[in-house]
Amino acid sequence: LHKNLIGSAMAGSLGGFNAHASNIVTAVFLATGQDPAQNVESSNCITLLEETAQGDLWMSCTMPSLEVGTVGGGTSLDAQAACLQALGCKGGGATPGENAKKLATIVAAATM
């Protein structure tokens, strides 16, 4: 399973790898002032679900080309800025890129 799924993804196979993220990515993008045209590359993802040795479910979502920002563009619109504020992602953050990384994590979590 891992060889087929991950190996195919790394080899550049087309068609998706266990997730159809585009609807979720677009919804979050519109709500947070992102460019919805970036949906195509930003929706590229791989989801994995595995049973741990303890019998728990382990799940991951890898989105290697997710493009988000928390400063400029549509992020300054009132409704979108309010959404970013509610998510704790408005502005650049204490460290440059900190809030963008947090927003990317939120998008991946929503995709799961």
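Numbers for residues simply follow the sequence, beginning at 1.
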>> Please find the pair of heavy atoms, one from C45 and one from C61, that lie closest to each other, and give the distance.
In response: CB-SG, 4.3 Å

> Shortest non-hydrogen contact from A31 to C83?
Replying inline: O-CB, 3.3 Å

>> Can a donor-acceptor pair be found, under 3.5 Å and without considering hydrogens, that links the side chain of Q85 to the backbone of A81?
In response: no

> Got a sec, which residues hit side-chain contact (heavy atoms from CB on, under 4.5 Å) with T26, two or more places apart in sequence or on another chain?
Replying inline: L30, N39

> Who passes side-chain contact (heavy atoms from CB on, under 4.5 Å) against N23, sequence neighbours left out?
Replying inline: H20

>> How long is the straight-line distance from CG of N99 back to SG of C89, given to the nearest 0.5 Å?
In response: 5.5 Å

Using a 3.5 Å cut-off and no angle test, enumerate the donor-acceptor pairs between side-chain atoms of residues 62-78 and protein atoms at least two apart in sequence or in another chain.
residue: S65; atom: OG; partner: E41; partner atom: O; Å: 2.5
residue: T70; atom: OG1; partner: G91; partner atom: O; Å: 2.6
residue: T75; atom: OG1; partner: G72; partner atom: N; Å: 3.0
residue: T75; atom: OG1; partner: G72; partner atom: O; Å: 2.5
residue: S76; atom: OG; partner: G73; partner atom: O; Å: 2.9

> Residues two or more places apart in sequence or in another chain: which of them pass side-chain hydrogen bond (donor to acceptor under 3.5 Å, both in side chains) with T52?
Replying inline: Q54

>> Working to the nearest 0.5 angstrom, can you tell me the gap between L48 CG and M112 CE?
In response: 11.0 Å

> Rounded to the nearest 0.5 Å, how far apart are OG1 of T95 and NZ of K101?
Replying inline: 10.0 Å

> Do you know the tightest heavy-atom contact between L49 and M59?
Replying inline: CG-CG, 4.0 Å

>> Nearest 0.5 Å, please: how far is CD1 in I24 from OG in S42?
In response: 13.5 Å

> Can you list the residues that meet the side-chain hydrogen bond (donor to acceptor under 3.5 Å, both in side chains) rule with E51, with sequence neighbours excluded?
Replying inline: none

